[in-house]
Amino acid sequence: MAKIFYITTPLYYVNASPHIGHSYTTVAADCLARYHRLKGESVFFLTGTDEHGQKIEQAAAASGKTPSVFVDEVVERFASLWKLLSISHDDFVRTTQPRHTQVVQVCLTKLRQEGKLQQASYEGWYCTPCETFWTDEELKLKPGTTVTCGNCGRGVERVKEDGWYLPLRQHQDWLRGFLASHPTFIQPQTRYNEIASLLEQPLPECLCITRPRNRVAWGISVPFSPQHVTYVWFDALLNYVSVPGYLTDGTRFESLWPADAQFIGKDILRHHAVYWPIILHALGLSDEQMPRTIFAHGWWKIGEQKISKSRGNIVDPTVVVKEFLKDQPYAADVYRYFLLREVPFGQDGSFSEDAIAKRLSTDLANDLGNLVHRTLSMIERYSDGRLPQAGPVGCAVEDVPLRDEAMGLAKQLDERLPALDFSGALKAVCHLITHANRYIESTAPWQLATEKDSARLHTVLAMLAEVIRIAAITLSPFMPSVAEAMWEQLGLQNVPRRWLDAAQWPTLTAGQPLGTRSVLFPKVSS
Ligand code: ME8
């Protein structure tokens, strides 16, 4: 069976509602999934929720609910946000589902039976918001200073726990070698370098993969140790293989695994770039069975502070879409566009409503919306609402560069999207749109109409319609509803949108009537 392109997001904790950060990772993954589907490839896009652990147990207790009732409620907020944002995931896994918990237990038993786990006592630090253990060495403790989490900088708790351990250090040489021979395993380069330099120092001897049940009861039972539950990270990471059928469905697993693109934020880089490959290696997976790429993007911040649930400075995507952008018929797409265009993927970004408003009014309303509106109005007026017949391209000096840029756009995106350069890809689309608007100014179709030069007028309008067609295809992964509307306004509702057609010119049929028109991005009165 042909390999299916497999894309994952982190499984988000359901201790609180989703925020902009969660939507960022998921929208980016969705964009890549849509791009591969448009290219005619089979895609499996997995997202879901991380439902066990101390943090969720505490959040449930604080709300006076049992963990199970609590997670059932919060998970709905994630599911409805993904619907609002047109997320096209193929599956949604919850770590409380038996299809996942059973695989986690089988993995624990396998590791135990193969003698790969150790039983020991652990003393160190624990950060509940990050659900992460830290050793004294990792935190580089200095006398007289407060001990804080090496990841989020918040307070940590001293813990002493008996448990089961997965050796880390004995896999360190293997991981260092794997990284050296797989330079694109961790992206972007800054994150690769971070992990490569981390691996220059000795890793902690072991990773604790259980928690004592009397401290944390909300977790997957460890089959051979009734007084323990599974450490939430060991549990959650395994979702990436449990859903594809690891140890339960070999054929399905072969068709999906390894994951082609695993999206994460840089806060969970160490878990994914060190613990995750070591867990897979300990389970006996080969180098060829390691994930192809783990991409750790940057953080959305407000001022200098990372936006996060536990800091309470969250931006709620539903409020942005339904309230701030309430006048926009394609509000979710405006939000998606903003996330992917504003910040180069991998870098941190600063969130503000002003920044969204600016992108909306410049790139979307003034440039894209205007191009579609002006072109289709002129086709209505000068070509009876039907796609015009183009004369030979090349008779005017301005035709060729516009046609060439439009026909070459998909190729540019074919370089940028697999490299996860979403903002670069959108910049290229915007460049074409600006070019087309300039072309309208320089060809002045209204002048051609006055001069009754209908051959040239129709060529110009046909050129512009082709540009809009190509823009609709290439924008589909980013703004699926806007792309659909552009497509329908061109009268193409019965024609499938396919990536390969973006490199073809011309493809529109002269005489075909336009669809119903509407304004894509209404101007917001300030
Ligand atoms: O870490 N900017 O879940 P989580 C950008 N359950 N992205 C952000 C962000 C921000 N300010 N804040 C969060 C967990 N994210 C674990 C994952 S995976 C097996 C287990 C995004 O709910 C980003 O993708 O804390 C980050 O890695 C993730 O949300 C953390 O989500």
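Counting begins at 1 with the first residue of the sequence. Remember, predicted model here, so these are calculated numbers, not experimental data. Note that ligands are numbered from 1 as they come in the structure, with each ligand's atoms numbered from 1 the same way.
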S.K.: If I take atom CZ from residue Arg270 and atom CG from residue Asn151, how far apart are they, to the nearest 0.5 angstrom?
M.R.: 8.0 Å
S.K.: Using salt bridge (Lys or Arg N to Asp or Glu O under 4.0 Å) as the criterion, list what pairs up with Arg169, not counting sequence neighbours.
M.R.: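 For Arg169, the residues satisfying salt bridge (Lys or Arg N to Asp or Glu O under 4.0 Å) (neighbours in sequence not counted) are Glu205.
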S.K.: CG/Leu11 to OG1/Thr49 distance, rounded to the nearest 0.5 angstrom?
M.R.: 7.0 Å
S.K.: Decide, yes or no, whether a salt bridge links Glu41 with Arg37 under the criterion of side-chain N to carboxylate O below 4.0 Å.
M.R.: no
S.K.: Would you please indicate if the ring centroids of His297 and Tyr24 are separated by under 6.0 Å?
M.R.: yes
S.K.: Below 4.0 angstrom, N of the basic side chain to O of the carboxylate: do Lys65 and Asp72 qualify?
M.R.: no
S.K.: Distances only, to 0.1 Å: what are the N or O pairs between ligand 1 and the protein that fall under 3.5 Å?
M.R.:
residue  : atom   : partner : partner atom : Å
ligand 1 : 2 (N)  : Trp300  : N            : 2.8
ligand 1 : 6 (N)  : Leu11   : O            : 2.7
ligand 1 : 6 (N)  : Asp50   : OD2          : 2.7
ligand 1 : 7 (N)  : Gly21   : O            : 3.4
ligand 1 : 11 (N) : Trp300  : O            : 3.0
ligand 1 : 11 (N) : Ile307  : O            : 2.8
ligand 1 : 22 (O) : Tyr13   : N            : 2.9
ligand 1 : 22 (O) : His22   : NE2          : 3.2
ligand 1 : 22 (O) : Lys309  : NZ           : 3.0
ligand 1 : 24 (O) : Thr25   : OG1          : 2.6
ligand 1 : 24 (O) : Gly265  : N            : 3.3
ligand 1 : 27 (O) : Gly265  : N            : 2.9
ligand 1 : 27 (O) : Asp267  : OD1          : 2.9

